[in-house]
Number of protein chains: 2
Amino acid sequence: MESSDDFGWSRSERGGGMAATDEAANGLRAMIAKGELAPGQQLPAEPELCARLGVSRGSLREAVRSLAALGMLESRHGAGTFVSALRPGQMLAGFAATVDVLPLDGLLELFDVRRPLEAQAAALAAARADERVVARLREVQKRLARSEDEAERHALDREFHSTLCEASGNEALAALADVLRARGSHYSIYGAPEADTIRLASDLGHEALINAVAARDPAAAAAAATAHLSQTEVWLRRYAPLPDDGALPDVAPLPDDAPPPGGDPLPDGGPAR
Amino acid sequence: MESSDDFGWSRSERGGGMAATDEAANGLRAMIAKGELAPGQQLPAEPELCARLGVSRGSLREAVRSLAALGMLESRHGAGTFVSALRPGQMLAGFAATVDVLPLDGLLELFDVRRPLEAQAAALAAARADERVVARLREVQKRLARSEDEAERHALDREFHSTLCEASGNEALAALADVLRARGSHYSIYGAPEADTIRLASDLGHEALINAVAARDPAAAAAAATAHLSQTEVWLRRYAPLPDDGALPDVAPLPDDAPPPGGDPLPDGGPAR
DNA sequence: CCAGCCGAAGTCATCAGATGACTCCATGCT
DNA sequence: AGCATGGAGTCATCTGATGACTTCGGCTGG
């Protein structure tokens with residue numbers, strides 16, 4: 001039967017041991033890269049894609065799911081599957097989730113990535129900034145300086161930096177900086193003994209950034225951002241032993257039988273090597 | 001119908017309209033974040049995970065596939081599913097694939113991301129560089145200067161920058177820079193009228209980078225990297241109308257393809273620290 | 001004529017069962 | 001000791017069926 005299988009593709013079968021799911025994922029990626037599927041466009045229904053790619057529905061769904069995790073596709077229940085807008089921010093959304101599970105030693109490296117990125121964003125923002133951005137920054141900073149609630153201060157601090165990065169006009173830059181900033185925000189540094197000093201210095205750093213942007217001085221903005229983040233990093237390294245890890249849900253306790261999670265069924269000695 | 005769903009689990013159901021696959025993915029992520037599953041450790045078999053997470057095997061596999069796309073898990077046929085080493089480079093591997101489908105307008109923005117990153121990497125490399133790195137850079141540059149084959153020059157240029165970034169000692173920084181560099185390499189600028197001038201300037205830029213690193217001068221290294229990349233960017237914008245878009249396979253015939261992961265069975269060379 | 005209800009079609013989401021392919025390890029033989 | 005072989009464990013894939021959701025058109029009532 002094979003229904004309307006006029007495709008002479010029975011010859012190509014599965015090229016060179018390529019797995020079905022990878023085959024499907026590569027096919028979909030190729031269709032997008034080739035422009036056959038434009039951003040925002042709806043994909044054919046699952047049965048048709050299965051026929052076109054030569055895989056079962058299960059394999060196709062796994063392929064779609066993996067591309068969706070990377071921000072390339074979006075499935076909406078009952079409506080269809082669509083190519084995303086392919087904006088850099090969407091691509092990085094999935095990566096943001098993975099940052100939350102990075103071990104700490106890998107995490108500290110991220111500061112050396114975030115710092116130059118925010119400095120670049122500050123410089124670009126200073127070069128392009130308009131009045132409204134400056135006004136917005138001043139307003140956020142004013143509320144930040146007045147607030148006494150720690151959670152609120154955290155949120156406002158993120159908003160300040162996020163606003164500045166968006167003002168750079170570079171979406172990829174802003175999105176990437178947001179991702180890297182997210183993990184650091186889980187930490188709390190306000191329990192430190194020099195809390196007042198830290199807060200004062202942080203506010204001064206923000207003021208310096210605002211002034212540099214208002215003066216349209218990219219070099220000063222970059223320097224101010226670098227200094228501000230370096231100082232923040234020092235404090236974090238000193239006073240942030242553990243994040244308040246409560247963002248992720250607990251997993252079901254497993255109703256009965258089966259060995260407990262503690263004892264892993266892994267004969268492998270562990271860290272190996 | 002729900003078939004034999006008399007289980008009293010109707011209460012826990014799906015926490016707040018959460019879909020089965022998302023439930024499973026979040027559960028797995030939580031298990032990793034919580035340390036219940038350590039990097040490199042094998043996961044329980046699919047049937048047991050299904051029971052623990054309360055989803056069918058199909059849904060679980062979709063969840064695993066999505067986390068695998070983000071570099072958090074790795075499935076090996078016949079062996080099992082394992083938590084990855086959780087190195088930043090692995091997390092970014094998936095993102096690299098998405099860069100290939102970014103539309104051009106979003107692509108040009110990436111230069112403003114890549115430039116400060118490579119500058120930072122050059123500065124760190126200069127601060128930490130040892131003799132062997134300098135020797136390696138000189139050797140690559142020597143071959144690069146001598147080569148006349150365009151493809152080879154492309155490869156050597158990538159190797160030069162990649163070596164420099166790795167010398168920074170920051171894995172995340174190097175991996176991210178590699179990802180951003182990959183897409184630009186599809187372009188060919190050697191058809192330009194000033195090809196000879198471009199080549200000479202590029203070689204000089206590399207020499208300046210080597211000298212700065214050899215002199216252990218981070219500021220000079222960062223400046224050299226910024227200058228080199230800025231110049232490259234100008235030429236690319238001027239002479240690179242279209243990439244030779246043949247990197248991705250066709251969907252219909254597709255007799256074979258390059259192995260996507262390369263060959264990385266799960267090295268996890270060491271805890272590193 | 002317009003607003004709102006409603007039902008049918010299309011689509012994704014999930015479940016269940018069965019089979020094949022591959023890896024790993026231990027056994028037994030040479 | 002070295003190597004072939006077998007079994008157990010695990011993932012990969014296919015098939016079929018059912019539920020849930022969205023969307024859009026027509027119908028009804030005002």
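By convention in this document, chain letters (A, B, ...) are assigned in the order of the sequence lines, proteins followed by strands, and residues within each chain are numbered from 1. FYI, side chains are in, hydrogens and waters are out, and symmetry mates aren't considered; it's all heavy atoms of this structure.
Remark: B:Leu67 CG to A:Arg65 CZ distance equals 10.5 Å, nearest 0.5 Å.
Straight-line distance from the CZ atom of A:Phe82 to the C1' atom of C:dC12: 11 Å, rounded to whole Å. Note: CD (A:Gln42) to P (D:dT22) measures 15 Å, nearest angstrom. Spacing between atom CG of B:Leu60 and atom P of D:dA12 amounts to 11 Å, rounded to whole angstrom units. In this entry the distance linking CD of B:Glu46 with C1' of C:dC15 reads 15 Å, nearest Å. Summarising the geometry, the separation between CG on A:Leu53 and C1' on D:dT13 is reported as 15 Å, rounded to the nearest angstrom. To the nearest angstrom, C1' of C:dC12 lies 16 Å from CD of A:Glu62. Nucleotide C:dC12 holds its P atom 12 Å from the CG atom of A:Leu73, rounded to whole Å. Summarising the geometry, the separation between CG on B:Leu43 and P on D:dA12 is reported as 12 Å, rounded to the nearest angstrom.
Residue A:Ser59 places at least one side-chain N or O closer than 4.0 Å to OP1 or OP2 of D:dC14. The side chain of A:Thr21 contributes an N or O atom lying less than 4.0 Å from OP1 or OP2 of D:dT13.
Salt bridge A:Arg132/A:Glu139: absent, no basic N to carboxylate O contact under 4.0 Å.
As judged by a 4.0 angstrom heavy-atom cut-off over every strand, A:Gly80 is placed among residues touching the sugar-phosphate backbone only. A:Arg61 comes within 4.0 angstrom of a base, heavy atoms only.
In plain terms, the two heavy atoms of B:Leu86 and A:Leu102 that are nearest each other are O-CD2, 3.2 Å.
Relative to the side chain of A:Ala19, the nucleotides C:dT14, C:dC15, D:dA12 differ in distance, and D:dA12 lies closest.
At least one donor-acceptor pair under 3.5 Å links the side chain of B:Gln90 to the backbone N or O of B:Arg87.
In terms of position on DNA chain D, the residue among B:Gly78 and A:Gly78 whose nearest nucleotide sits closer to the 5' end is B:Gly78. Between A:Arg57 and B:Pro47, the residue anchored closer to the 5' end of DNA chain D is B:Pro47, taking for each the nucleotide with the nearest heavy atom. Looking at which nucleotide of DNA chain C each of A:Arg65 and A:Ala79 is closest to, the 5′-most match is held by A:Ala79.
B:His77 contributes no side-chain N or O that forms a donor-acceptor pair with the base of C:dC22 under 3.5 Å.
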Verdict with supporting geometry, B:Leu73 and B:Ile32, side-chain contact (heavy atoms from CB on, under 4.5 Å) = CA-CA 10 Å; B:Leu73 298 179; B:Ile32 296 175; 3.9 Å; yes

